S.K.: 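Take a look at the following structure, please.
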Amino acid sequence: MMRVIWPVLLLGVAVIAAAAQLDRQTRRDPQFAPMVPGPARSFAQRRIASDALAGDNAQALAEVRLLVRRRPVPAEHMRLLAEAQIAVGQPEVAYRTIQLAARRGWRDRTTQEAMLLIALDAGDDAEAARRLAALWVLDPQAERLPALAGRVLESDEARETLAGIVADAPRWRARFVASGGRVIAPDAFADVTARIEARTASAP
């Protein structure tokens, strides 16, 4: 009996290992995602869910829910769920989902931008400035950054909040000064820079 069971067990382990390896390979080669067996999809499910968003809304929601069940931690996955919820007409649920995504990490640029726009709509200029700072750190060359900065930095509260963030982060201050003239309108850049200098000059 063992002569029969042992080869079968080895074959089963080999199949599982191969499926897991193929799943991990989809991080570099997304085209392999559909080839990964359904139960073995983890990284591959991210690609499956993302592709589904371009098709049937109900199917996309099911695929993204499966993704979140299998890999609930990444903020990007919660953001995809919010997109799917909006597509099927659940904006209020999507609003709560995107807030959860923001709490799970700040490195997903789309989530940060969504939270920035939500803050602007709510009149929370300080929070909008914090989200702008996060986007700036993620990608100071982002195409949409100047337009977002223009909207956010219309208020004194936002300018003061951004100045405080930059003043408290010496390693980022030089980057801000170097790229700020491209991202922020000249008058706003001069104002924020003056606020930064005032804060650093008064620091103990």
Side-chain angles (χ1 to χ4, degrees), residues 24 26-30 42-43 45-47 49-51 53-54 64 67-68 71-87 94-186 188-193 195-197 199-200:
R24 294 182 66 85
T26 60
R27 292 183 298 175
R28 295 183 178 180
D29 300 294
S42 179
F43 297 104
Q45 186 60 32
R46 163 69 179 82
R47 173 57 56 178
S50 182
D51 290 346
L53 286 169
V64 179
L67 172 67
V68 171
R71 299 187 63 203
V73 174
E76 183 184 8
H77 297 174
M78 294 297 292
R79 188 255 299 167
L80 289 174
L81 178 58
E83 291 182 19
Q85 289 166 338
I86 289 173
Y95 177 80
R96 293 193 293 270
T97 300
I98 202 68
Q99 289 180 311
L100 288 172
R103 294 190 192 122
R104 295 188 180 187
W106 63 274
R107 293 185 179 277
D108 181 54
R109 186 165 56 248
T110 306
T111 298
Q112 289 296 339
E113 184 172 333
M115 291 303 298
L116 183 154
L117 296 174
I118 289 171
L120 283 177
D121 288 342
D124 190 345
D125 296 331
E127 179 62 17
R130 286 189 283 270
R131 299 298 175 177
L132 176 66
L135 285 166
W136 202 321
V137 170
L138 284 170
D139 184 5
Q141 305 297 324
E143 183 178 349
R144 284 178 52 80
L145 194 58
L148 292 171
R151 292 184 60 185
V152 171
L153 298 177
E154 290 179 355
S155 80
D156 286 340
E157 183 181 9
R159 294 183 183 191
E160 189 65 25
T161 300
L162 182 61
I165 293 170
V166 177
D168 291 340
R171 295 180 61 183
W172 188 44
R173 199 178 306 153
R175 185 189 306 175
F176 171 83
V177 172
S179 61
R182 180 190 62 80
V183 176
I184 305 177
F189 180 57
D191 184 26
V192 174
T193 301
R195 293 170 190 257
I196 294 170
E197 291 175 352
R199 282 175 170 269
T200 54

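Not measured: the values here are computed from a predicted model.
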S.K.: List the residues meeting side-chain hydrogen bond (donor to acceptor under 3.5 Å, both in side chains) with Thr193, not counting sequence neighbours, and say none if there are none.
M.R.: none
S.K.: Any salt bridge (charged side-chain N to carboxylate O under 4.0 Å, His left out) pairs touching residues 72-82, not counting sequence neighbours?
M.R.: Arg46-Glu76, Glu76-Arg79, Arg79-Glu83, Arg79-Asp108
S.K.: Taking all heavy atoms of Ala101 and all of Ala75, pick out the closest pair and write down the distance.
M.R.: O-CB, 3.1 Å
S.K.: Which value, rounded to the nearest 0.5 Å, describes the distance between His77 atom NE2 and Thr111 atom OG1?
M.R.: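 These two atoms lie 10.5 Å from each other.
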S.K.: Sequence neighbours left out, what pairs pass salt bridge (charged side-chain N to carboxylate O under 4.0 Å, His left out) with at least one residue falling in residues 146-159?
M.R.: Asp156-Arg195, Arg159-Asp191
S.K.: Is Glu197 paired with Arg173 through a side-chain N to carboxylate O contact shorter than 4.0 Å?
M.R.: no
S.K.: Who passes side chain to side chain contact (heavy atoms under 4.5 Å, CB included) against Val137, sequence neighbours left out?
M.R.: Trp106, Trp172, Arg175
S.K.: What pair of heavy atoms forms the shortest contact from Val68 to Met78, and how long is it?
M.R.: CG1-SD, 3.8 Å
S.K.: Only distances under 3.5 Å count here; give the side-chain donor-acceptor pairs of residues 122-130 to other protein atoms, sequence neighbours excluded, each with its distance to 0.1 Å.
M.R.:
residue	atom	partner	partner atom	Å
Asp124	OD1	Glu127	N	3.1
Asp125	OD2	Ser155	OG	3.2
Glu127	OE1	Arg130	NE	3.0
Glu127	OE1	Arg130	NH2	3.1
Glu127	OE2	Arg131	NE	2.8
Glu127	OE2	Arg131	NH2	3.0

S.K.: Indicate every side-chain donor-acceptor pair of residues 143-150 with a distance under 3.5 Å to a residue at least two apart or in another chain.
M.R.:
residue	atom	partner	partner atom	Å
Arg144	NE	Glu113	OE1	3.4
Arg144	NE	Glu113	OE2	2.5
Arg144	NH2	Glu113	OE2	2.5

S.K.: Could you pull out the closest heavy-atom pair between Leu80 and Leu67, with the gap in Å?
M.R.: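 Distance-wise, the nearest heavy atoms are CD1-CD2, 4.0 Å.
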S.K.: What's the verdict on side-chain contact (heavy atoms from CB on, under 4.5 Å) for Met115 and Arg103, showing C-alpha distance, side-chain angles and the deciding distance?
M.R.: CA-CA 11 Å; Met115 291 303 298; Arg103 294 190 192 122; over 6 Å; no
S.K.: Between Arg109 and Leu135, does the side-chain contact (heavy atoms from CB on, under 4.5 Å) criterion hold? Intermediate values first, please.
M.R.: CA-CA 6 Å; Arg109 186 165 56 248; Leu135 285 166; 3.4 Å; yes
S.K.: Return the minimal non-hydrogen interatomic distance between Gln85 and Ala94, and the atom names on each side.
M.R.: OE1-CA, 3.2 Å
S.K.: Over all heavy atoms of both residues, which pair between Trp136 and Ser179 is shortest? Give the atoms and the distance, please.
M.R.: NE1-OG, 3.1 Å
S.K.: With side-chain contact (heavy atoms from CB on, under 4.5 Å) as the test, would you mind laying out the steps for Val177 and Ile196 before giving the verdict?
M.R.: CA-CA 10 Å; Val177 172; Ile196 294 170; 5.9 Å; no
S.K.: Does the side chain of Leu153 reach to within under 4.5 Å of the side chain of Leu132, using non-hydrogen atoms?
M.R.: yes
